[in-house]
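Heads up: the structure comes next, in structure tokens.
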Amino acid sequence: MITLIILSILPILILYLGLYKAKSALLPVTVAGLLVALGFALAEWNSGAQPIFSGMMLFDNFSIAFSAVTIISTALIVLLSKGFFEKISSNVAEYYAIMLFALAGIVVMVSFYNMVMLFIGLEIMSVSLYILAGIRKNDFASNEAALKYFLMGAFSTGFLLFGITLIYGAAGSFNLEAIRDWVITNPRNVDPLFHTGLLLIIVGMCFKVGAAPFHFWTPDVYEGSPTLITTFMSTVVKTAGFAAFLRLFSASFATLSDFWMPVLLVITILTLFIGNITAVYQQSFKRMLAFSSISHAGYLLFAIVALGAASANSVFMYTSAYSVASIIAFGALILVQQHTGSDSFDSFNGLAAKNPFLAFTLTIAMLSLAGIPLTAGFIGKFFMFSGALSQYHIWLVIIAVVNAIISIFYYFRVIIAMYFRTADRNELVVPGYYSFVLGAAALATIIIGIYPAFISNLI
Amino acid sequence: MTVSILLFLPVAAAIITAFIKNGAAKHAALFFAIAELAIAIFFLAGFVPDASIQYSVVYEWLPKMGIYFSAGIDGISMVLVMLTTLLVPLIILTTYQHQYKNAGAFYALILFMQAGMLTVFTALDGFLFYVGWEAALIPIYFICALWGGENRIKVNIKFFIYTFAGSLFMLVGIIYLYLQNPAKTYDLAQFTNLNLSVGQQSWLFWAFFIAFAIKMPVFPFHTWQPDTYTEAPSAGTMMLSGIMLKMGIYGVIRWLLPNAPLGFIGVQQSYLGGFTWQSVVIILAVIGIVYASLIAFNQKDGKRLIAYSSIAHVGLIAAGIFSFSVEGIQGAMIQMLNHGINVVGLFFIWDIISRRLQTREIANLGGIAKVAPLFSIAFLIILLGTVALPLTNGFIGEFLLLKSVYNYSIWLAAVAGLTIIFGAVYMLRMYKNTMQGETNALTATFTDLRGSEKVVLGIICALVIIIGVYPQPILHISEAAVNNWKNVMDTKYIEALGKSIR
């Protein structure tokens with residue numbers, strides 16, 4: 001709870017700092033505030049939390065773990081923004097403030113115990129993101145991204161809200177526990193209100209996490225937004241979306257899995273194939289990452305398709321691994337983009353000669369995203385595959401294996417460009433903040449990959 | 001003393017070597033590789049050749065998921081540990097005449113790969129096995145793609161995707177075994193004790209077989225191999241052909257057959273007229289021998305010829321294992337060692353030729369024996385070992401393997417045996433065209449062996465002859481383990497047969 005309060009006050013403080021032109025204080029204050037919020041979150045670990053505010057919120061270990069992941073990822077992204085926002089806008093304080101508001105919404109999203117709170121959290125996050133996507137006011141692509149994101153987002157929120165309403169109509173409550181009890185007491189009969197509502201919620205959530213066939217906004221929005229905002233969207237926001245998705249389904253709808261599981265199964269398979277196959281044909285690294293994020297949404301859906309006791313753990317592992325690797329990938333992209341002025345695969349040519357450290361961290365990130373052992377990404381995939389196989393979704397796992405093979409093509413394209421192709425350009429200098437973030441993220445990827453035990457048993 | 005020292009020393013060595021600047025890196029790498037060999041010899045000296053698992057180690061890794069860092073050495077592993085630790089210093093020594101760019105990274109990758117392969121050869125936990133399997137693949141991909149020939153990018157991505165695809169199916173198989181295991185661990189001993197139905201085991205058989213068949217490679221999964229071998233730097237080719245392909249063969253012996261014996265032999269044979277997966281894979285293996293030999297016959301590039309002959313030799317090893325007898329497995333054990341030694345020798349011979357003369361075209365060569373007698377003698381000895389002349393190391397292995405195939409089917413043994421004669425023809429023809437005859441303008445400039453080359457080829461030739469004359473000690477290492485291995489599976493088969501009759 002204190003975490004949420006800090007994350008709500010911090011952006012206001014930042015806005016005041018911006019008002020009084022204390023530009024150099026913005027970054028340190030933001031990072032310090034995030035660390036304090038993280039500390040308070042971790043202090044509540046295993047405290048046996050009960051629902052508070054008449055069952056509105058529940059800060060259990062699940063919510064603390066996902067708050068921690070999202071706060072750490074945000075801190076890393078904020079560290080990368082040194083010198084990034086100043087170049088594209090004069091109102092730097094607003095960036096930090098809006099990003100932190102989005103984070104506050106995310107903490108609500110992973111801690112809700114009532115569907116109303118889910119909706120409020122989702123809206124706080126989404127509205128902040130609409131602004132962030134369009135924050136380059138004079139840039140055509142950024143405006144396009146913001147408009148597309150807003151229209152699609154508003155549309156999907158409508159679906160979600162409609163679904164919540166219908167379920168309220170059937171079950172008579174927004175409370176997760178009450179809905180679960182209603183499902184258990186009315187086991188056999190298919191209630192048109194309730195089941196329609198459930199389907200609409202699935203549609204709404206799939207929009208938010210970018211699962212096919214509701215993914216069409218993702219590539220354009222990711223490409224048009226400023227790269228750091230894209231990083232935020234594809235790591236923190238995606239993590240939060242899946243945490244909320246999982247929390248809702250495991251708390252309320254677990255016993256109805258016969259009904260919604262086939263729907264999600266089809267969505268998962270579509271997401272995997274569309275994300276992976278389209279990614280192969282991309283020429284832009286940024287767009288490739290957008291499609292790869294769709295395919296990772298497919299792997300993450302495994303945890304919900306094969307809903308069980310281990311699902312929370314799997315999603316936690318997978319999103320941590322994916323976030324850390326994506327931050328490296330986007331960080332490297334920003335540097336290369338500044339250096340060459342392009343985000344195509346060709347601009348990565350010969351990077352290993354220009355800056356071995358950057359090439360090495362990006363290689364680790366790509367191996368992790370591809371799911372090669374001894375990186376965190378493999379552990380995430382391994383958990384997902386184990387979970388799906390334990391529920392006898394053997395064909396789903398075989399389809400996932402085929403997709404993992406396809407993904408090698410585009411992840412290795414970057415490695416091939418960096419190491420095996422040459423380009424005559426001058427040295428690329430990595431600023432200190434970037435070295436720290438990329439190095440720490442690469443180290444985390446390898447440590448989780450080699451010894452996952454210390455974070456894999458948390459939830 | 002446990003096997004963990006054997007597994008972690010190369011990792012530490014790789015990290016240290018990566019930071020050593022160009023000139024000294026090879027010396028450091030050689031030092032660490034010899035230290036590793038010394039440890040392996042120490043293990044061998046204290047090894048009791050019975051069926052037990054020795055020097056074993058169990059650490060908790062991810063205990064909640066049933067994953068343990070569990071490794072140990074038995075007779076079957078011991079032979080491969082010796083092969084790996086013996087060949088890596090030799091391979092490092094063969095690179096002494098090369099000047100590699102970023103030498104530190106090159107040798108670090110070789111040492112890291114060694115750690116991965118030793119993990120594969122000693123792992124007793126399914127998860128650890130898989131991690132070692134992939135940990136060996138990543139370094140060789142970078143070795144081949146960074147220091148390889150012209151087409152390296154295209155060829156190596158094909159190689160990587162092939163092997164990665166195979167191993168993912170194996171991963172699915174391993175996880176499936178874990179889920180069937182009531183104790184919920186990845187322990188190999190518990191996997192082999194599971195009572196799975198014939199249908200389940202058939203699926204498992206294919207999940208594992210594809211991974212191992214790609215690695216070995218068995219026809220028709222071999223298409224990555226000739227290109228990769230040809231394009232790789234010679235040290236990479238030696239690592240691949242000398243040691244890495246043995247991971248596939250070892251996998252068949254240690255993971256495929258013990259975990260899915262009924263899927264392999266089949267129990268209810270009558271309804272398909274004696275059709276079993278065993279007969280399918282053994283025929284594939286023999287087709288591989290014939291096919292590779294025929295193609296090798298027409299090769300103009302020496303390195304490529306060796307690559308194809310390697311497919312043929314591995315095909316025979318596979319056929320011997322799949323014929324499923326103690327002789328077959330024992331033949332495979334000793335042949336793995338000998339094939340490793342010989343193929344490293346042959347690739348080194350071609351490395352020397354291509355480095356001195358800038359060509360690997362057999363047609364451009366001839367008469368080298370006149371200008372380089374030592375070189376041609378070494379070539380001949382290794383060649384005779386490869387074509388399995390009695391009293392060279394290749395003989396005993398091929399003899400046992402053919403005998404085992406013969407016991408399975410006379411016709412297959414006849415085809416396989418004829419092809420081996422065929423193999424002798426193309427190998428000796430290669431020797432004739434390169435070494436004998438008159439020198440030409442190019443080969444007249446050839447200089448004889450020097451320094452480190454003498455050491456490497458001397459050691460290899462000595463091994464060819466010593467093992468050829470007296471193979472018994474090596475067969476003895478794995479004998480008890482192989483006998484026990486066969487007994488366990490026979491018992492399982494008879495049990496299943498009893499059930500199916502009832």
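Below, chains carry the letters A, B, ... as their sequence lines are ordered, and counting in each starts from 1.
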For the student: nearest non-hydrogen atoms of Leu168(B) and Ala404(A), plus distance: CD1-CB, 3.7 Å
Heavy-atom proximity to chain A below 4.5 Å, by part of Ile157(B): side chain
Residue Tyr141(B) versus chain A: region with a heavy atom under 4.5 Å: side chain
Spatial distance of atom OG (Ser386(A)) from atom CD1 (Ile175(B)) [nearest 0.5 Å]: 4.0 Å
Interatomic spacing from CZ in Phe142(B) to CZ in Phe420(A) - rounded to 0.5 Å: 5.5 Å
Residue among Val131(B), Val172(B), Leu146(B) with most heavy-atom pairs under 4.5 Å to chain A: Leu146(B)
Reported CD1-to-CZ distance for the pair Ile408(A) and Phe164(B), which is rounded to 0.5 angstrom: 4.0 Å
Closest non-hydrogen atom pair between Ser390(A) and Leu179(B), with its separation: N-CD1, 3.4 Å
Atom group of Ile138(B) that falls short of 4.5 Å from chain A, counting heavy atoms: side chain
Sidechain-backbone polar pair: Trp61(B) side chain, Ile450(A) backbone, donor-acceptor under 3.5 Å: yes
Region of Phe69(B) in contact with chain A, defined by heavy-atom distances below 4.5 Å: neither
Spatial distance of atom CG (Asn156(B)) from atom CZ (Phe412(A)) [nearest 0.5 Å]: 10.5 Å
Parallel, tilted or perpendicular: rings of Tyr186(B) and Phe382(A) (30°, 60°): tilted
Gap separating the CD1 atom of Ile405(A) from the OG atom of Ser167(B), nearest 0.5 angstrom: 8.5 Å
